[in-house]
Structure formats: C-alpha cells, structure tokens
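Contents: one structure, followed by commentary.
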Amino acid sequence: MRNTTWRAASRAALALTGAGALAAGMAMVLVTPASAGTTLGASAAEKGRYFGTAVAANKLSDSAYTTILNREFTMVTAENEMKIDATEPQQGQFRYSQADPIVNHARTHGMQVRGHTLAWHGQQPGWMQGMEGTALRTAMLNHVTQVVSHYRGQIYSWDVVNEAFADGNSGGRRDSNLQRTGNDWIEAAFRAARAADPGAKLCYNDYNTDNWTWAKTQGVYNMVRDFKARGVPIDCVGFQSHFNNDSPYVSNYRTTLSSFAALGVDVQITELDIQGAPANTYRSVVEDCLAVARCNGITVWGIRDSDSWRASQTPLLFNSNGSKKPAYDAVLAALNNGTTPPTT
Ligand code: G3I
C-alpha cells in the first residue's frame with residue numbers, strides 16, 4: 001500500500017472535532033476542517049497533498065534548519081545523498097551512510113520521502129562514467145535494484161530516471177552514456193524499480209518541461225504516452241520547476257500538469273524554486289497544483305535562501321535567517337483557499 005498518512009491533517013482535524021464530540025458524548029467523526037492550516041504541511045494535507053523540501057544531511061545538526069523542517073514539511077527529498085555517486089561510490093559497494101540519516105529523520109518526524117535519483121547522466125561515480133554498452137546497462141539496472149530494495153516500503157515515490165531529454169528544439173533524448181546503451185534504457189530502469197518495490201510510485205523527473213509549448217515538454221509527454229500505451233510501469237512525472245529568467249513560469253503550466261495527468265499518471269512539483277521568489281508566482285504554482293486532481297504535492301528545493309543551489313537568486317520561501325518571506329505567506333494562503341477536493 002502506498003503511504004498516505006496525512007499526519008498534519010489528522011492532527012488538525014482531531015483538534016477541531018475532538019473536544020466538541022467528546023463533550024456531547026458522541027462517537028468522534030473525523031471531519032477535515034476548511035482552511036485551518038498554519039503550516040505548509042498542514043495546509044497542503046487539508047487538500048490531500050504534501051509539501052516537501054530538499055534536505056542536505058550535513059544540515060541536520062543545524063537546529064535553526066531542523067526547526068523549520070520539522071514544523072513546515074511533510075515530505076523530504078535528499079538533495080544529493082541518494083544519487084549514484086553517493087550510494088554506489090565503488091561498483092558493487094553500496095553505501096547508505098549519507099542517505100539513511102535523512103530517511104531516519106523523516107520517518108522519526110512523520111514525514112514521507114521522495115527518492116532522488118536512480119538513473120541519471122549527472123553525479124555518476126567515476127567507475128560508471130567510464131562505462132558503456134552492455135556492462136553499463138547491467139550496472140545501471142543492478143544499481144536500481146539494489147537501492148530500491150534497500151529502501152523498499154520507505155519511499156513515497158522514486159525519481160527513477162532524471163533529466164534524460166535534451167534542451168532546445170529537438171524534443172529528443174539527451175546524449176549520454178546511458179542513452180547510448182539503447183533507447184529502451186529508461187523503460188528497463190522503470191521495470192527494475194517496480195520489481196524491487198511495487199509500493200513506490202515511479203516517476204520520470206526533468207527540468208524545462210513546464211512550458212507546454214516547449215519541444216522538451218512534448219518529448220517527455222510523448223514518451224509517457226507511449227509508456228502508458230505499452231504498459232511500462234510509470235506512475236508519475238516530476239516537474240523540477242526551477243523557474244528563472246531563462247525558464248520562467250508561464251500561465252500554460254497548469255495545462256502542462258493537467259495534460260500529463262490526463263495520460264493516467266500523477267504529477268509532482270519536485271524541485272521548485274523561483275528567482276527572486278515573487279509571491280504572485282509562488283501563489284500561481286500552488287493554485288495550478290491544487291487545480292489538478294492528480295498533482296500530489298509540491299517540493300521546494302531547499303528551506304532557506306542560504307540552503308539553495310542558487311542562493312544568489314534568493315529563490316526560496318525563507319530568508320537566510322529563517323524568517324518567512326512574502327512568498328511563504330502567499331503559498332500558505334493559496335493552500336488554505338484552494339477549493340479542489342482531496343484525491344486519494
Ligand atoms: O560535498 C562536496 C564538498 O566536500 C566539496 O568541498 C565541494 C567543492 O565543490 O563540493 C561538494 O559537493 C557539491 C554538492 O552539491 C554538495 O554541496 C558538488 O560540488 C555540487 O556539484 C553539488 O551540487 C548539487 C547539484 O545537484 C549537482 O548536480 C546541488 O547541491 C543540488 O542541489 C543539485 O540538485 C539538482 C537535482 O539533483 C536535479 N535537478 C537539478 C538540481 C539543481 O542543479
């Protein structure tokens with residue numbers, strides 16, 4: 001069974017309904033309150049969704065960081081610690097000492113985990129960078145099987161394959177050592193992941209796929225449509241949504257999310273950050289997710305601006321001293337005012 005415990009929503013609902021029901025001596029009925037959330041996670045949960053963040057293991061000892069993490073978020077993605085170079089630094093030698101503390105922190109605090117990422121041209125360990133052909137294909141599939149098996153039952157969704165499409169106008173695949181093993185490498189990875197953990201949702205994840213008119217978006221869309229038609233086990237598409245001046249938020253983003261969802265997959269906003277953190281744009285992204293029933297949730301790519309991979313763009317919801325920014329208020333308000341009923 002997939003994990004769908006909405007800890008924060010249940011807590012809020014119990015608080016609101018418990019006292020009255022008990023006073024009246026009646027059996028308690030769990031009623032989801034409207035717009036009662038005071039944190040990102042609680043408010044998203046009231047809409048049947050999660051609100052997540054990327055987490056770096058070396059920041060778990062920073063109490064200012066963990067205070068915000070534990071208060072606001074219901075989903076966690078390891079920013080780097082589950083990548084191939086971290087989990088299989090030497091071929092056949094698997095290492096979870098960086099990722100396990102993040103998973104343990106999440107589980108201890110009732111958060112779920114997105115797994116990121118299994119098959120990618122980036123952050124490959126040296127041994128893999130030098131591989132080609134059948135040997136690489138076998139090594140990649142073994143990596144998927146081993147890592148997914150290690151975390152079996154603990155992952156809400158896996159980014160099975162990351163960033164396999166080319167930027168620009170081709171709409172085709174990116175060249176990489178993985179791509180050169182044969183065009184079916186992506187579906188092979190998905191099949192291996194499904195076999196290793198049938199309970200995790202399996203996502204394809206990419207960037208510059210937000211604008212419905214872009215060739216890259218259409219390329220991924222066509223792949224997902226083909227996978228669904230042929231029974232390749234794909235459950236979700238991740239939209240990184242790193243918005244900036246070169247790849248800005250556009251109003252057809254909602255069309256993109258709903259078009260993918262119409263193929264029969266969930267959609268997830270997996271690495272959201274927006275240059276300058278304009279409140280209106282953050283609000284629009286949240287409203288777009290709430291408008292699409294199969295949009296499971298939103299993950300921002302870091303907590304404070306100082307935690308961001310693009311810190312100079314100040315793209316996140318908290319400033320570097322941990323204070324809430326106007327974008328935070330806009331996101332919370334959007335979560336509390338959305339009207340789409342929760343999905344299962
Ligand atoms: O940990 C080492 C440190 O020991 C060393 O001194 C330092 C010197 O450069 O590097 C540190 O590693 C860096 C690592 O982040 C941890 O901070 C790497 O150089 C750096 O390349 C790495 O960047 C990460 C990047 O992925 C690499 O591809 C970012 O943190 C991470 O936010 C970013 O995340 C990606 C997603 O996985 C996929 N989508 C795009 C997104 C943003 O690029």
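These numbers come from the heavy atoms of this one structure, side chains and all, not from hydrogens, waters or symmetry mates. Residue numbers run from 1 in the order of the sequence given.
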Side chain to side chain donor-acceptor pair (under 3.5 Å) for Glu163 and Gln240? Distances and angles first, verdict last.
CA-CA 10 Å; Glu163 302 176 357; Gln240 294 185 10; 2.9 Å; yes

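With Asn177 contributing its side chain and Met128 its backbone, the two residues share a donor-acceptor pair below 3.5 Å. Side-chain atoms of Ser170 do not come within 3.5 Å of backbone N or O of Ala166 as any donor-acceptor pair. Using modelled atom types, no side-chain atom of Thr77 and backbone atom of Glu79 make a donor-acceptor pair closer than 3.5 Å. In this structure a side-chain-to-backbone donor-acceptor pair under 3.5 Å is present from Lys325 to Leu316. Under a 3.5 Å cut-off, the side chain of Thr66 and the backbone N or O of Leu69 do not form any donor-acceptor pair. The main-chain N or O of Leu335 is found under 3.5 Å from a side-chain atom of Lys47 such that the two form a donor-acceptor pair. Between the side chain of Asn319 and the backbone N or O of Ser323, at least one donor-acceptor pair lies under 3.5 Å. The main-chain N or O of Asn222 is never found under 3.5 Å from a side-chain atom of Asp226 such that the two would form a donor-acceptor pair.
Residues Gln179 and Ser176 have side chains in contact (heavy-atom distance under 4.5 Å, counting atoms from C-beta outward). Using a 4.5 Å heavy-atom cutoff, the side chains of Tyr249 and Asp210 are not in contact. Counting only heavy atoms from C-beta outward, the side chains of Tyr253 and Phe243 approach each other to under 4.5 Å. For the pair Val300 and Phe51, the minimum side-chain heavy-atom distance is below 4.5 Å. Residues Asp266 and Phe260 are not in side-chain contact: their nearest non-hydrogen atoms beyond the backbone lie 4.5 Å or more apart. Counting only heavy atoms from C-beta outward, the side chains of Asp305 and Phe318 never approach each other to under 4.5 Å. A heavy-atom distance below 4.5 Å is found between the side chains of Val76 and Ile102. Residues Asn162 and Asp206 have side chains not in contact (no heavy-atom distance under 4.5 Å, counting atoms from C-beta outward).
Atoms OG1 and CZ, from Thr39 and Phe73 in turn, are 9.5 Å apart once rounded to the nearest 0.5 Å. Asp100 contributes atom CG, which lies 14.5 Å from atom NE2 of His105 (distance to the nearest 0.5 angstrom). Atoms CH2 and CG, from Trp309 and Asp273 in turn, are 6.5 Å apart once rounded to the nearest 0.5 Å. Remark: Ile84 CD1 to Trp127 CH2 distance equals 7.5 Å, nearest 0.5 Å. Within the model, atoms OG1 of Thr314 and CD of Gln275 stand 8.0 Å from one another, a figure rounded to the nearest 0.5 Å. To the nearest 0.5 Å, the span separating CZ on Phe227 from CD1 on Ile186 amounts to 5.5 Å.
Proximity of the aromatic rings of Trp301 and His116 is defined here by a centroid distance below 6.0 angstrom, and this criterion is met. If you look at Tyr151 and Tyr96, their ring centroids are closer than 6.0 Å. Under the 6.0 Å cut-off for aromatic ring centres, Phe165 and Tyr221 do not qualify, their centroids lying 6.0 Å or more apart.
Two different hydrophobic clusters hold Tyr282 and Tyr207 under the rule that ILVMFWY side chains link at heavy-atom gaps under 4.5 Å. Under the 4.5 Å side-chain contact rule for hydrophobic residues, Val220 and Val265 share a cluster. There is a path of hydrophobic side-chain contacts, each under 4.5 Å, that joins Leu202 to Leu263.
Each of Gln124, His121, Gln123 was checked for a side-chain contact (heavy atoms from CB on, under 4.5 Å) with Gln129, and the lone residue meeting it is Gln124. His242 pairs in a side-chain hydrogen bond (donor to acceptor under 3.5 Å, both in side chains) with only one of the listed residues (Glu271, Gln313, Arg310), which is Glu271. When each of Val286, Leu40, Leu290 is checked for a side-chain contact (heavy atoms from CB on, under 4.5 Å) with Ile298, only Val286 meets the rule.
Under 4.0 Å is where a charged nitrogen must lie from a carboxylate oxygen, and between Glu132 and Arg180 at least one such pair does. Look at Asp184 and Arg137 and you find a salt bridge, because one of the NZ, NE, NH1 or NH2 atoms lies within 4.0 Å of a carboxylate O, short of that distance. Asp197 has no carboxylate O lying under 4.0 Å from a charged side-chain N of Arg152, or vice versa, which leaves the two without a salt bridge. Residues Asp62 and Arg304 are paired through a salt bridge, judged by an N-O separation under 4.0 Å between the basic side chain and the carboxylate.
Counting only N and O atoms by type, the side chains of Gln268 and Arg114 include a donor and acceptor under 3.5 Å apart.
More than 12 heavy atoms of other residues, nucleotides or ligands sit less than 6.0 Å from atom CG of Asn321.
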